[in-house]
Amino acid sequence: MTAPERIPLLVAQLPDTDALLPYLRQIDTNRWYTNFGPLVTQLEQRFAATFAPALSAPKAITATSGTAGLELVLGALELPQGSNVLLPALTFVATATAVIRAGYRPLIADVDTSTWLLTPETAREYAAHYPVAAVMPVATFGNPQDVEAWDAFTADTGIPVVIDAAGAFGNQRVGQRSHVVFSLHATKALAAGEGGLVVTYDQELAARVRRLSNFGIDLERGSQVFVAGENGKLSEYHAAVAHAALDQWPVVVERRRAVQARYQHLLREHCPDLRLQRRAENGIYPILVGRLPRGLRARDLQPELLSRGIETRQWYCPTLDRHPAFAAFAAGPLPVAHELAERLIGLPFFIDISEAQMQRVGSAMGELTRGVHA
Ligand SMILES: *Cc1c(COP(=O)(O)O)cnc(C)c1O
């Protein structure tokens with residue numbers, strides 16, 4: 001018997017050479033390669049316009065990566081060193097590394113059972129018991145955060161909110177008060193290889209983010225450095241890829257939505273005991289994660305699936321508090337996040353996954369979860 005054809009977990013899709021050429025030719029003509037060149041400037045305007053029409057558009061500032069974007073906004077908040085920043089246990093490690101590198105302390109919170117998000121309600125509870133200087137909720141697996149609720153949280157408590165929406169471009173809106181950070185990493189829905197984007201309505205914060213991304217050089221005050229920054233500038237080459245990705249965005253959106261809808265239908269049909277994240281059906285998601293019925297652990301199923309040629313991943317497992325670098329930062333017990341981390345399984349999901357591949361994943365999951373009850 002031959003081994004079954006392998007279904008990869010993820011296949012990135014970036015603009016091809018032909019799509020890049022018009023932008024690369026502009027770079028040839030401009031001979032401007034980084035330091036806020038014309039492609040970066042236009043890209044920021046294009047991004048800002050995707051959130052609102054020109055007159056009411058927020059500021060969009062590019063960065064070298066989503067992680068750099070997070071560090072820059074956190075730095076621009078200018079909180080006292082060592083301040084607590086509340087964040088969810090169930091997230092990518094960069095959410096926590098950004099806090100530490102900005103000079104603050106992560107305060108690791110639990111997440112909601114059905115949306116798998118850190119919610120404003122939970123943040124209010126933590127803020128009542130701990131000194132919380134800022135909150136960094138995550139748009140987990142592309143599921144957007146409720147910006148109106150977070151704006152209300154900031155209005156009530158005075159605590160600033162930075163949404164780590166790294167994988168949620170296309171889904172996550174920007175609040176009047178809440179700042180949002182996206183990633184343009186190759187694996188995200190809108191990809192430029194590497195890159196990040198900070199979006200905010202706070203003009204002064206935007207100016208501080210920009211300055212910090214340029215080593216902290218204050219161009220309005222004799223090019224002196226008053227607060228040390230970093231090199232967080234996006235190059236013109238990465239901007240070229242991001243432009244081409246934006247050109248293709250409408251097609252990508254349609255395709256991702258179609259895959260998402262079909263997959264969701266197949267999974268519900270084949271394995272009704274697999275719980276999906278509570279999130280909008282018409283969202284644009286970079287990955288697909290299911291929660292196994294109680295009694296099944298992702299790590300026990302993975303070899304079975306792999307023997308059927310199906311690659312899977314335990315995204316965000318272990319939770320932040322179980323990484324040695326962050327072990328000291330848990331704010332009390334984290335039962336929901338710990339339980340989810342054991343039972344969440346990332347399934348193959350990419351833009352050109354075929355009907356046959358989705359069917360194979362659905363029936364294998366059905367076979368392996370049937371009879372085990374949630
Ligand atoms: C991908 C991701 C990041 C990191 O973004 P980079 O652009 O790779 O630095 C941060 N947070 C979350 C939740 C992510 O999914």
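All ligand and atom numbering here is 1-based and tracks the order in the structure. Just so you know, these numbers use all the heavy atoms, side chains as well, and skip hydrogens, waters and symmetry mates.
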* To do: Dump the intermediate steps for side-chain contact (heavy atoms from CB on, under 4.5 Å) on L267 and L288, then the final yes or no.
  => CA-CA 11 Å; L267 288 174; L288 181 72; 3.7 Å; yes

* So do E339 and R294 actually touch side chain to side chain, heavy atoms under 4.5 Å? -> yes

* To do: Tell me, with the steps shown, if D112 and T119 meet side chain to side chain donor-acceptor pair (under 3.5 Å).
  => CA-CA 7 Å; D112 177 75; T119 64; 5.7 Å; no

* In order of chain and number, which residues sit within 4.0 Å of ligand 1 by heavy atom? -> S65, G66, T67, T91, F92, A94, T95, V138, D164, A166, S183, H185, K188, G195, Y316

* Asked: Should the pair R279 and F141 be classed as cation-pi, given the thresholds of under 6.0 Å to the six-membered ring centre and 45° from the axis?
  -> no

* Asked: So with a 6.0 Å cut-off around NZ of K233, is the heavy-atom count from everything else above 12?
  -> yes

* **Reference residue F47; test ring pair (Phe, Tyr, Trp, His ring centres under 6.0 Å); the match among F169, W249, F182** => F169

